[in-house]
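Reading through the structure tokens given below for one structure.
We use all heavy atoms of the structure for the numbers below, so side chains are in, but hydrogens, waters and symmetry mates are not. Quick note: residue numbers are just sequence positions, from 1.
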Amino acid sequence: MPDSLLLGKNAENQIEAKLRTSGFQFLYYKIFKRRIDVDLSQVIYSNGGYVIGEDALKKQMDQQLSQNISLLELDRDPLEVDLYQVNSRKIPIQPKLDLKLKQNYILDGKISMSPDSVVVKGPKNEIDTIQTIKTAIVQLSDVSADFSRTVSLTFPKGLDNSIFSISTATMSGKVSKFSEKIFEVPINVVNVPEGYQIKTFPNTVTILCKATIDRLKEIAASDFEVVADYEQLAGSGSSTLFLDVVQSPLKVYDIKLEDNSVNFVLEQQ
């Protein structure tokens with residue numbers, strides 16, 4: 001098949017041919033139906049349809065018949081082929097996973113799909129409606145190790161004239177054991193009024209970080225930044241500032257402030 005064309009529903013799958021050979025060969029064909037493959041890359045567009053000429057078709061058939069068989073004639077010239085023009089798109093695969101991890105284990109990174117997309121061929125008005133191809137749902141429980149599963153793909157209904165390059169894909173994920181570590185991080189107050197300075201009590205805050213054991217060994221307190229914005233008071237007269245983590249390291253499972261607010265004193269310089 002040419003890449004730009006697809007076979008329609010009304011395509012012929014039988015043709016009558018007149019052959020010359022021995023009676024024994026005819027007996028063989030009566031018992032065993034013979035299939036001939038037709039290379040449709042030789043089709044031409046003529047009078048609003050696609051055809052393959054008798055000479056080209058006979059040549060293909062001759063090459064697939066036994067040497068002692070002569071092909072005399074076909075029941076049509078040319079052979080009309082029900083083909084239609086198609087477009088193609090690469091559609092991302094969206095995994096559907098119901099994952100329950102064993103205590104103290106995390107999903108280390110995103111779920112990966114191999115392949116991560118499907119090539120769909122069909123009429124433009126059909127394939128343009130597809131945004132993602134979802135997998136069948138995979139349910140895993142009490143997981144404490146890396147996993148990989150072959151999963152079926154779920155295709156949208158109503159795409160009668162479209163075909164998809166694959167029907168299954170491999171869903172996999174990396175699972176790691178996590179631990180916790182406490183970091184003492186200084187509090188940075190921003191937007192302090194000009195001519196004043198702020199002292200917070202305390203001037204540091206404790207952050208609880210959850211990540212894989214190997215990742216925790218790489219993390220330092222300087223990888224975090226905790227900010228208290230003076231403008232949040234908006235003249236309210238409160239002596240409490242709320243804290244916000246504005247910078248944290250990548251590849252961590254969770255971070256938690258031990259306290260989310262801090263008291264302060266505003267002093268004129």
Side-chain angles (χ1 to χ4, degrees), residues 92-114 116 131-132 134-135 137-149 171-269:
I93 297 174
Q94 179 182 340
K96 293 185 68 177
L97 176 64
D98 181 8
L99 178 65
K100 293 180 175 60
L101 294 162
K102 199 171 182 178
Q103 190 172 4
N104 294 333
Y105 284 85
I106 60 171
L107 185 63
D108 193 357
K110 295 182 179 180
I111 299 296
S112 65
M113 297 298 308
S114 180
D116 62 0
Q131 302 304 319
T132 60
K134 296 180 180 179
T135 69
I137 190 166
V138 174
Q139 294 180 318
L140 300 174
S141 59
D142 206 30
V143 176
S144 60
D146 299 349
F147 60 88
S148 181
R149 298 287 188 278
M171 179 190 300
S172 58
K174 182 176 175 60
V175 174
S176 300
K177 191 172 185 178
F178 74 83
S179 187
E180 300 176 343
K181 188 174 180 180
I182 292 175
F183 297 91
E184 199 73 24
V185 180
I187 298 171
N188 179 27
V189 183
V190 297
N191 296 317
V192 180
E194 188 176 351
Y196 289 84
Q197 65 179 10
I198 278 184
K199 289 184 179 180
T200 60
F201 301 95
N203 60 1
T204 62
V205 67
T206 297
I207 290 181
L208 178 66
C209 180
K210 296 181 181 181
T212 63
I213 296 172
D214 290 340
R215 181 66 180 128
L216 284 175
K217 294 177 182 177
E218 303 170 345
I219 297 174
S222 57
D223 294 322
F224 300 90
E225 184 180 359
V226 177
V227 165
D229 189 350
Y230 184 81
E231 285 189 350
Q232 69 186 248
L233 299 178
S236 65
S238 173
S239 61
T240 301
L241 290 171
F242 289 98
L243 304 178
D244 188 23
V245 180
V246 297
Q247 177 182 302
S248 60
L250 299 175
K251 297 182 179 179
V252 298
Y253 175 57
D254 189 27
I255 57 172
K256 184 178 180 181
L257 285 169
E258 186 178 67
D259 295 302
N260 62 2
S261 64
V262 64
N263 293 324
F264 72 93
V265 172
L266 183 67
E267 297 179 343
Q268 192 168 12
Q269 293 178 329

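In this structure, the side chain of Asn203 does not engage the main chain of Thr200 through any donor-acceptor pair within 3.5 Å. No donor-acceptor pair under 3.5 Å is formed between the side chain of Arg215 and the backbone N or O of Phe178. Here the side chain of Asn260 pairs no donor or acceptor atom with the backbone of Leu243 at under 3.5 angstrom.
Heavy atoms from other residues, nucleotides or ligands lying under 6.0 Å from CD of Glu267 number more than 12. Within 6.0 Å of CD on Gln269 lie more than 12 heavy atoms contributed by other residues, nucleotides or ligands. Counted within 6.0 Å of CZ on Phe242, heavy atoms from surrounding residues, nucleotides or ligands total 12 or fewer; the atom is thus considered open.
To the nearest 0.5 Å, atom OG1 of residue Thr206 and atom CD of residue Glu184 are 3.5 Å apart.
The aromatic rings of Phe183 and Phe224 lie tilted to each other, with the angle between the two planes from 30° to 60°.
Two residues are said to be in side-chain contact when any heavy atoms from C-beta on lie closer than 4.5 Å; Ile111 and Phe147 meet this criterion. Lys181 places none of its side-chain heavy atoms less than 4.5 Å from the side chain of Ile219. Annotation: side chain of Val143 is in contact with side chain of Leu101 (closest heavy-atom distance under 4.5 Å). Under the 4.5 Å side-chain criterion, counting only non-hydrogen atoms from C-beta, Glu258 is not in contact with Ile182. Taking the side chain as every heavy atom from C-beta outward, Val262 and Val205 never approach each other to under 4.5 Å. The shortest distance between side-chain heavy atoms of Leu257 and Ile207 falls below 4.5 Å. Put simply, the side chain of Ile187 does not reach to within 4.5 Å of the side chain of Phe264, judged on heavy atoms.
A pairwise comparison of heavy atoms in Ser248 and Val245 identifies CB-CG1, 4.3 Å as the closest pair. Here the closest non-hydrogen pair linking Ser179 and Ile213 is CB-CG1, 3.9 Å.
Identified under the salt bridge (charged side-chain N to carboxylate O under 4.0 Å, His left out) test for residues 226-249, with sequence neighbours left out: none.
Taking Ala234 as the reference, nothing meets the side chain to side chain contact (heavy atoms under 4.5 Å, CB included) condition, with sequence neighbours excluded.
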